[in-house]
Amino acid sequence: MMQGTLENQQSMQSGQISGSLSFNGTLTKEDEEMSKSALSTFRAKEEEIEKKKMEVKEKVQAQLGRIEEETKRLAVIREELDALSDPMKKEVSGVRKKIDSINKELKPLGQTCQKKEREYKEALEAFNDKNKEKVQLITKLMELVSESERMRLKKLEELSKNIETIHIA
């Protein structure tokens, strides 16, 4: 809006100047004064505009400087965050990999254990069955030996009685 006002003043002043020139061909003192006044007003406005332009540039530069500083601070904060999470992330990942590896090793070992347990139970059952059978056989053997001894003793007694009954004359 200020620039539009400036242009209007300039065109009016040039119209006044050109109007004065066209009437008599020479500038009057009044026209000269008006021309100098218009020119100094124009220069003052230009200087004011330039001054405001510089102020705005300085403010923009100051803001850009602050933005740059904040960007650097944010980058430092991001690096610190990355540094914090990286060691933990690597450590956790390593532990997880070890757990997965051990799980892979445990599966066949567990299956082997179950197989060996079944074999052990079967072997223990077979052992116990054979042991029972052995105990039964030992019991039978003792009975047989006892019976045999009893029978032999009985036979010996009979023989002994038979010998006593025989008298040799």
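In what follows, every heavy atom counts, from backbone to side chain, and hydrogens, waters and symmetry copies are set aside.
- To the nearest 0.5 Å, the span separating CG on Asn162 from CG on Leu156 amounts to 11.5 Å.
- Contacts classified as side-chain hydrogen bond (donor to acceptor under 3.5 Å, both in side chains) and involving residues 55-79 (residues at least two apart or in different chains) are given here: Gln63-Arg66, Glu70-Arg73.
- A search for side-chain hydrogen bond (donor to acceptor under 3.5 Å, both in side chains) contacts involving Glu133 returns nothing, not counting sequence neighbours.
- Here CZ of Arg43 is found 8.0 Å from OG of Ser40. Values are rounded to the nearest 0.5 Å.
- Proximity of Leu137 to Leu141: side-chain heavy atoms (C-beta onward) are nowhere separated by under 4.5 Å.
- Checked against Glu48 for a side-chain contact (heavy atoms from CB on, under 4.5 Å), the options Lys51, Glu46, Lys52, Glu50 give a single hit: Lys52.
- Among Gln114, Lys116, Lys115, the single residue meeting the side-chain contact (heavy atoms from CB on, under 4.5 Å) criterion with Thr112 is Lys116.
- Atoms CD1 and CG, on Ile67 and Leu74 in that order, are 11.5 Å from each other to the nearest 0.5 Å.
- The closest side-chain heavy-atom distance from Glu80 to Val76 is below 4.5 Å.
- The CE atom of Met151 sits 8.0 Å away from atom NZ of Lys154, with the distance rounded to the nearest 0.5 Å.
- The side-chain heavy atoms of Lys107 and Asn103, taken from C-beta on, include no pair separated by under 4.5 Å.
- Side-chain contact between Lys130 and Lys134 is absent, with no heavy-atom pair separated by less than 4.5 Å.
- Hydrophobic clustering keeps Phe127 apart from Val135 (ILVMFWY residues linked when any side-chain heavy atoms are closer than 4.5 Å, directly or through intermediates).
- Taken from CG in Leu106 to SG in Cys113, the straight-line distance is 9.5 Å, to the nearest 0.5 Å.
- The main-chain N or O of Lys97 is never found under 3.5 Å from a side-chain atom of Ser101 such that the two would form a donor-acceptor pair.
- By the 6.0 Å contact criterion, CD on Glu119 is enclosed, its count of non-hydrogen atoms from other residues, nucleotides or ligands being greater than 12.
- Put simply, the side chain of Asn128 does not reach to within 4.5 Å of the side chain of Glu125, judged on heavy atoms.
- For the atom pair Ile138 CD1 and Leu144 CG, the distance stands at 13.0 Å (nearest 0.5 Å).
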